[in-house]
Each structure stands twice: as C-alpha cells, then as structure tokens.
Amino acid sequence: MAPSTPSPEAAPEAVNPLAEGLESDRRAPPCALVVYGASGDLTHRKLAPALEALAADRRLSPNFAVVGVGRTPLSDEEFRARMLEAVSKPSAAWEALVGGFRYVAGGYTDGPTFERLREVLDEVDAAVGTDGNRVHYLATPPDVFAGVAGALGEHGLNEPGRQGCFVRLVVEKPYGRDLASALALDDAIHESFREEQVYRIDHYLGKETVQNVLALRFANAIFEPIWNRRYVDHVQITVAESLGVGHRGGFYETAGALRDIVQNHVLQVLALTVMEPPATVDAKGIRDEKVKALRAVDIPTHDEVTIDVVRGQYEAGWVEGEEVGGYRQEKGVGPDSRTETYVAMRVDVDNWRWAGVPFYLRTGKRLPKRVTEVSMEFRDVPHLPFGSKETRGLGPNALVLRIQPDEGIALRFGAKVPGQAFRVRSVAMDFAYGAAFLEETPDAYERLLLDAMVGDPTLFIRADEVEQAWKVVAPVQEVWTDDATPLARYRAGSWGPREADRLLERDGRRWRSP
Ligand code: BG6
C-alpha cells in the first residue's frame with residue numbers, strides 16, 4: 001500500500017530535543033516497538049539493555065511492548081526470557097513490561113509472518129494499551145531491509161490505523177553498499193513509507209560527546225570566531241579501535257572500514273565539525289546544515305584517491321598486552337583477503353570557511369587503543385618573539401574533542417616554564433565529562449530509541465545525507481575495485497601503516513598521538 005500524503009506523521013518536524021528537550025518531558029508515548037531480527041545479536045547486546053535502562057529511568061510508557069520478529073522459532077515465553085537475560089540486573093520496571101512482550105516467528109518477506117504480526121499487534125493494543133502506535137525497527141541483515149519495508153506496505157502496516165497515531169520505520173546501518181544500492185533502498189522504502197516516517201540510525205549521533213560538538217560550537221562565543229581557515233591549520237578525526245573483527249569476519253569481508261566506519265560515523269563527525277551554525281537547533285535546521293557541509297566536501301578524482309587515500313589491513317601483533325592474529329587469520333576471512341581494516345584519507349572542504357584547510361581522517365581496527373577524537377590544530381603565531389631554544393617544548397595550539405572514552409575537551413597552549421629563563425612549553429587545559437557532571441551518560445541506543453518513539457528525527461540520517469556521504473566515498477570504492485591498488489599492511493597494535501604517516505608528512509604534518 002503506497003503511503004498517502006496527509007497524515008499526522010507529515011506534520012512539521014516539530015519536536016526539538018536539543019532546544020526544548022527538557023529531561024522531564026522526554027517520555028515515550030504508548031507504543032509497540034516491532035523489532036525485526038529479534039533473536040539476533042544487536043537486539044541482545046544493544047536494544048534490550050537500552051530499553052531496560054529507559055524503563056528503569058521511567059522514560060517508557062507503561063503501555064509499551066516489544067513485538068519480536070525473527071526466523072528462529074521462539075515462543076513468547078522464550079522471547080521474554082531472552083529479553084530478561086540480555087540485561088545483567090533487570091529492574092522491576094523492565095520485568096513488569098517484559099510480561100507483555102510477544103514474538104512472531106517467520107521469514108522476513110513471507111505473507112503469513114505479516115498476517116500473524118497484524119493479529120499480534122491488535123492483541124497487544126488490546127492487552128497493553130499501545131494505542132495503535134508502532135515503531136518498526138529493522139535490526140536484520142541489510143539484504144532484507146527493502147523486503148520487510150515492502151511487506152509492511154503490502155499488509156497495510158505502514159500507515160497509522162487511525163488519525164492521531166503514528167507508524168515509523170527505524171533502519172539500522174549499513175544503509176546500502178554504495179551510492180546506487182542506497183538510492184535503490186530509498187526507492188524501495190519510499191514505496192511504503194514517507195521520508196518523515198524513516199529514521200536511519202548512525203549510533204555515533206546518539207553519543208553525548210558527538211552532540212556536544214554542537215554545544216561547544218554554538219553555545220559559546222569564544223570558539224566559533226576561530227573555527228575557520230584563518231586560524232585552523234588542519235583537523236584530524238580519528239576513530240581507532242583496539243578490537244579486531246571478532247566473530248564478524250564473514251560480515252566484515254563484505255564491508256571493510258570504508259563502508260563500516262568512514263561513510264557513516266567519520267563523515268557524520270566531520271559534518272558536525274564543519275557545518276555552519278543552524279538558524280534553529282531542530283531537525284530541519286541541523287540536518288539541512290549537515291547536508292550543506294557534506295556537499296562542500298571535495299569529491300576526489302580517481303587520481304586523487306591514489307594519492308590522498310591509504311588502505312590498510314592488520315597483520316599479527318600485540319594489542320593491549322595480548323598477542324593477536326592478523327586479519328587474514330580471522331574466522332570467516334579468506335587467506336588472501338584484500339578487505340581494508342584501516343583507512344586514512346585527506347579531504348578538503350571547499351567553502352568560504354574551510355578552503356585550504358586539510359581534514360585528515362583515519363579509522364582502523366587493532367590499533368593500540370580505542371579512541372575517537374577530533375583534533376583541531378591552529379596556525380602558528382605570525383611572529384614568535386622567543387628564541388628556538390626557549391620554545392623547544394612548544395607545539396601548536398590545539399583543541400581536542402575526546403569523543404570516547406575518557407570523554408572531554410582539552411585545549412593546548414604555551415605557558416612560561418617557572419624559572420629565571422623565558423622558556424615556553426605546551427600545557428593543556430582539560431575538561432573531563434566525568435568530573436564536571438554527576439549525571440550518567442545514556443548509551444547511544446537509549447537516546448536514539450527514545451527519539452524514535454518520541455518522533456524526533458534530529459539525530460537520524462536523512463535520505464539526502466546518506467546519498468551525499470556515499471558520493472564522497474564513491475570514487476574510493478571505484479578505485480579499490482581494481483586489485484592492483486596497493487593494500488598497506490600494518491602490525492596489530494601499531495597506529496597503522498607507514499603510508500598513512502607519509503600522507504601527513506608530505507604536507508609537513510604529523511598524526512597526533514592520542
Ligand atoms: C559499528 C561498526 O557501526 O561501530 C563496528 O559496525 C564498530 O565495526 C562500531 O566496532 C564502533 O562503535 P563504538 O560505539 O564502539 O565506537
């Protein structure tokens with residue numbers, strides 16, 4: 001059933017979490033969360049614990065239920081037991097809710113699955129009072145996203161049953177494998193759901209410290225005036241992981257770091273770093289500016305890809321005191337795999353604010369530690385009135401936004417070393433989230449699940465954003481299909497291949513050591 005236009009969901013993107021989202025107001029209305037892939041890893045590891053935390057925090061309505069859909073045959077009781085087991089210490093609030101959860105076993109595109117689902121949703125409305133409100137959550141393998149969305153349309157589960165209730169579709173990543181498949185997925189989804197109903201997840205946007213990039217930039221008078229080419233020499237964005245691919249080798253073989261991290265998490269952090277101040281801090285204001293920012297990212301030519309992008313793969317080594325095998329020895333990975341586990345690239349942002357400022361992006365698995373940060377290095381003073389001996393310990397001014405772990409912000413500047421001589425060296429002014437706030441940081445999925453139920457799309461990716469992000473990485477994907485393109489190897493536990501160092505050395509710069 002194709003979506004019709006006028007409906008409550010088509011109302012302007014009204015809720016404004018960042019401006020109006022007072023803690024106490026943020027409670028989900030009655031609703032059924034239908035999770036496809038309910039017997040899978042994501043539901044167990046992320047969704048159930050996040051929902052439990054929301055329940056314990058009284059963010060969920062008492063009229064809330066999960067309806068799990070999956071291929072594994074499970075009874076309602078078995079599903080409920082799993083939802084309890086997924087949480088180490090389930091709260092009484094969670095235990096009370098779980099009693100109303102239901103499970104539908106079946107193929108993701110089979111008619112009977114959706115006939116049964118419709119009956120179960122009606123029963124849940126009657127038993128739990130979910131009021132006809134539904135959030136469909138696609139936590140399945142991506143190859144069935146389009147099929148489930150289509151089946152929901154065919155069975156009339158894509159539209160509210162009556163005026164005043166809502167139906168939304170949350171889609172996990174990966175959203176497509178490349179530009180063409182992402183556009184095809186959009187077309188398929190839009191056959192059944194209007195764009196306003198679609199909530200595409202990038203869990204990085206649910207992280208408090210990623211949202212804090214907006215607070216830092218737009219709630220302070222002192223940073224924005226220097227946040228541009230006049231003062232910034234270059235920016236480094238690092239998403240480093242110490243883990244390897246674990247049991248996800250089979251999946252990772254079809255993904256690689258470019259698709260898995262760069263196209264989404266890294267480019268989202270980049271967009272928030274470079275975007276212009278929005279007129280209003282709401283879904284439209286922020287997402288319009290992010291799209292504009294991504295459109296300004298220079299799309300590399302094939303020749304530029306060979307110069308500005310480094311692709312790497314880890315070999316055996318030592319990480320955090322443990323000896324680990326190389327990527328090619330991981331389960332599910334071929335012995336001659338050319339899948340990248342590391343990417344470093346230079347991008348330019350061609351607009352008035354950033355022209356000429358290089359952005360160096362890097363991500364990798366099996367690096368020395370897990371750290372995500374944005375580091376902005378500033379230009380030197382026009383004239384340093386001290387001798388080189390006195391300033392031996394002085395580095396450039398830098399502002400480092402530590403996104404995880406050890407969340408905080410550090411500002412590096414020069415200070416006089418106490419003593420008779422006029423020696424100057426770098427010191428850091430450090431803000432640590434944990435020390436400044438007593439509030440617990442909600443997990444990214446808590447935030448995003450609540451937003452989807454409340455109907456706030458600000459922290460979800462709009463169709464035009466996904467499209468633009470794929471356009472930025474498309475030339476890299478095209479060049480890398482050629483088996484002759486080099487794959488640099490790096491030792492597990494190192495900061496990546498030598499080629500990545502050369503990428504910056506060429507420009508007279510160095511990677512920061514986080
Ligand atoms: C996921 C990737 O999107 O993000 C994983 O698929 C990666 O490969 C993970 O490990 C990293 O997320 P976080 O929140 O641990 O930084």
Side-chain angles (χ1 to χ4, degrees), residues 37 40-47 49-50 53 137-143 145 170-177 182 199-213 237-270 272 311-314 319-320 324 327 330-333 337 339-343 361-374 401-408 433 441-449 459-461 465-466 469-470 473 492 496 514:
D41 190 51
L42 184 79
T43 307
H44 192 263
R45 267 189 320 112
K46 293 287 182 189
L47 303 187
Y137 195 121
L138 302 185
T140 59
D143 53 342
F145 288 171
V170 179
V171 191
E172 261 298 333
K173 72 179 272 269
Y175 200 88
R177 297 183 44 72
Y199 288 61
R200 296 175 192 79
I201 290 233
D202 182 317
H203 78 280
Y204 264 57
L205 292 180
K207 292 182 190 276
E208 286 284 326
T209 36
V210 171
Q211 294 162 44
N212 192 44
V213 176
I237 297 181
T238 298
V239 177
E241 295 184 274
S242 55
L243 292 177
V245 295
H247 60 276
R248 297 163 76 226
F251 156 76
Y252 202 83
E253 275 293 88
T254 65
L258 188 72
R259 285 194 183 98
D260 191 39
I261 304 272
V262 176
Q263 186 272 344
N264 35 74
H265 308 329
V266 172
L267 290 185
Q268 283 299 318
V269 174
L270 174 72
L272 293 173
R311 149 203 219 205
Q313 189 189 71
Y314 62 83
V319 183
E320 293 171 335
V324 297
Y327 176 69
E330 303 276 15
K331 205 166 149 239
V333 176
S337 165
T339 304
E340 79 285 356
T341 61
Y342 179 98
V343 178
L361 318 177
R362 64 174 163 171
T363 183
K365 299 227 182 253
R366 288 288 189 224
L367 299 184
K369 58 176 171 179
R370 175 173 183 253
V371 57
T372 298
E373 62 169 42
V374 179
L401 317 185
R402 293 192 305 269
I403 287 171
Q404 66 182 21
D406 188 20
E407 291 81 357
Y433 252 83
T441 303
D443 176 76
Y445 275 93
E446 270 175 65
R447 171 68 198 230
L448 297 175
L449 279 165
L459 301 177
F460 294 83
I461 317 289
E465 278 185 79
V466 181
W470 278 119
V473 299

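Every number for a ligand or one of its atoms is a count from 1 in the order of the listing. Predicted, not measured: the structure shown is a model, and the values here were computed from it.
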key: ligand 1 atoms in contact with Lys173 (distance to a heavy atom under 4.0 Å)   =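 Selected atoms, number and element: 1 (C), 2 (C), 3 (O), 6 (O).
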query = Numbering the atoms of ligand 1 from 1, which are under 4.0 Å from a heavy atom of Lys365?
reply =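 In order of numbering, the contacting atoms are 5 (C), 7 (C), 8 (O), 10 (O).
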message = For the 3.5 Å polar cut-off, considering only N or O atoms, please tell me whether Gln404 and ligand 1 meet it.
response =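 It does: an N or O of Gln404 is found under 3.5 Å from an N or O of ligand 1.
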message = Among Asp260, Asp202, Val245, Asn264, which one puts a heavy atom closest to atom 8 (O) of ligand 1?
response = Asp260
task = Have a look at His265, His203, Glu241 and point out the one with the heavy atom closest to atom 10 (O) of ligand 1.
result = Glu241
Measure the shortest side-chain to side-chain distance between [X] and [Y] over non-hydrogen atoms and say whether it is less than 4.5 angstrom.
X	Y	answer
Ile403	Val374	yes
Val210	Thr372	no
Leu401	Val213	yes
Lys369	Glu320	yes

key: Protein heavy-atom partner closest to atom 14 (O) of ligand 1 - residue, atom, separation in Å   = Lys207 NZ, 2.6 Å
query = In terms of residue, atom name and distance, what is the protein heavy atom nearest to atom 15 (O) of ligand 1?
reply = Arg370 NH2, 3.2 Å
query = Does Asp41 pair with Lys46 as a salt bridge, N-O distance under 4.0 Å?
reply =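 Answer for the salt bridge query: no.
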Under-4.0 Å salt bridge between Glu241 and Lys365 =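 Counted as a salt bridge, because a side-chain N and a carboxylate O are separated by less than 4.0 Å.
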query = With a 4.0 Å heavy-atom cut-off (strictly under), which part of Tyr204 contacts ligand 1: side chain, backbone, both or neither?
reply = side chain
